[in-house]
Number of protein chains: 2
Amino acid sequence: MAECSPAGYAVLGLIARHGPMTPYELKARIQDDIEPFWPIPHAQLYRIPPGLAQAGLLREEAETTGRRRRIFHLTDNGRAALERWIAEPDTGEPETRDPAQVKLFFADLGAPADIVALATRQAAQHRKWLSHYESLRAELEPSKDSRQSARARLLRLGVLHEQAHVDFWESLAADPGRLDD
Amino acid sequence: MAECSPAGYAVLGLIARHGPMTPYELKARIQDDIEPFWPIPHAQLYRIPPGLAQAGLLREEAETTGRRRRIFHLTDNGRAALERWIAEPDTGEPETRDPAQVKLFFADLGAPADIVALATRQAAQHRKWLSHYESLRAELEPSKDSRQSARARLLRLGVLHEQAHVDFWESLAADPGRLDD
DNA sequence: TTGACACCATCCCAATGAGACCATAGCTTC
DNA sequence: GAAGCTATGGTCTCATTGGGATGGTGTCAA
């Protein structure tokens, strides 16, 4: 039933949206758009598309001359699989890996001042991401273009997410003893 | 400089806090406490402690009789490494993998109704986590115990995080066209 | 023409994820 | 007290992954 991983569908989706692409182009697009909620190491982008081609969801067209890039096209099967996946509201559980939270969890085993230092650093870090998302959002033209609206929605979530973290770490830095709301 | 991964420090930290442990006990503790911000598959807990023992941060004491469990103790080196790590405010970047966000990003390639279905499902899911964290938090005795306060802080962040997601997905379910705040 | 650099792709190997599998202990039931 | 069940505890395997190292190709400027 699960025809491929979210990473696979991300590849299908990018090609569906922007047309045939090489792994290298995929890399650039993913870094911009998808990284924040589904990181994909670059080497995977030379493994996933051939796999999807095997499965008949993409078609590979290799240049024979010069640089011999491998360009991947969406097939009808690929588009169908992508649409089936989008229509399925059940998804896997989200996963988070945040070294700062691990550290905070064990902070009582260290010096009390360590918490303030950690929280200050984290607050700054998340504020940076927050303003990054906000400026990306500001750049977005307020068109009714449905492609733009996908990005806009995710940016809104990114802002909410970073805002929550900024609030948390800032309040922790300001008053490390406090535990209530 | 980086003596081991956050997973390694989580193992050191749990043993520092609760005393010598077998991999099996580690598994139980991690599922309860650490899973939400740093998942560790169970097989890793039979690989990481021996590795730390190699590095001199743990000491292994194998039962010779019956069940022959492997009990790992913290060494002085281990405690020192743990404290150094806690005192270091720089951490790696957090990573998120959320299939629902990938799906939402490509939702414009499917039917408009798919968004509502996805958002409704996600809102319910995150509301579940939210109330889970809130009830765990309610159970916590309001002691000044520093061990409890570590848990309390992380639960507060969990609540904020889930709240942000609930807000996002609920507003999306209610009005999929809206893009502003 | 010769660097220098950005572009593009592949390789490799250790680490990982996930699940199947195995073994022991203690409890129940007869 | 034997047989069987279930919870406990641990190990193995194998495909997949992460991510750094490497090695080509086109292009532009000096």
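Computed from a predicted structure; not experimentally measured. Numbered from 1 within each chain, the chains take letters A, B, ... in sequence-line order.
Spacing between atom OH of A:Y46 and atom P of C:dC8 amounts to 8 Å, rounded to whole angstrom units. One interatomic measurement links the two molecules: CD1 of B:I71 to P of D:dG9, which rounds to 11 Å at whole-angstrom precision. Remark: C1' of C:dG17 and CD1 of B:I48 are 12 Å apart, rounded to the nearest angstrom. In this structure, A:L45 atom CG and C:dC11 atom C1' are separated by 16 Å, rounded to whole Å. For A:E95 and D:dT17, the CD to C1' distance is 14 Å, given to the nearest whole Å. Distance CG (B:L52) to C1' (C:dA15): 15 Å, rounded to an integer number of Å. If you measure from atom CD of B:Q44 to atom C1' of D:dT16, you get 13 Å, rounded to the nearest angstrom. Atom-to-atom, CZ of A:R70 to C1' of D:dG24 comes out at 15 Å; the value is rounded to the nearest Å.
In summary, the side chains of B:S171 and A:R156 do present a donor paired with an acceptor at a separation below 3.5 Å, with no hydrogens or angles considered.
Distances shorter than 4.0 Å separate none of the side-chain N or O atoms of B:R69 from OP1 or OP2 on C:dA25.
When distances are taken from the side chain of A:P23 to each of C:dG19, D:dG18, C:dA9, the shortest belongs to C:dA9. Closest approach to the A:H42 side chain among D:dT11, D:dG18, D:dG20 is made by D:dG20 (side chain taken as heavy atoms from C-beta onward). Of all nucleotides listed (C:dC7, D:dT13, D:dG10), C:dC7 comes nearest to the side chain of A:Y24.
Place A:I40 and B:E25 on DNA chain D by their nearest nucleotides, and B:E25 ends up nearer the 5' end.
Side-chain N/O atoms of B:R47 and base N/O atoms of C:dG17 include a donor-acceptor pair closer than 3.5 Å.
Look at B:E139 and B:R137 and you find no salt bridge, because none of the NZ, NE, NH1 or NH2 atoms lies under 4.0 Å from a carboxylate O.
Every residue two or more places apart in sequence or in another chain was checked for a side-chain contact (heavy atoms from CB on, under 4.5 Å) with A:D32, and none qualifies.
In this pair, A:Y133 and A:W129 present their aromatic rings tilted. The plane angle is within the 30 to 60° band.
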_Evaluate B:E60 against B:R70 for salt bridge (Lys or Arg N to Asp or Glu O under 4.0 Å), listing each step before the verdict._
CA-CA 7 Å; B:E60 176 175 352; B:R70 313 172 68 182; 2.6 Å; yes
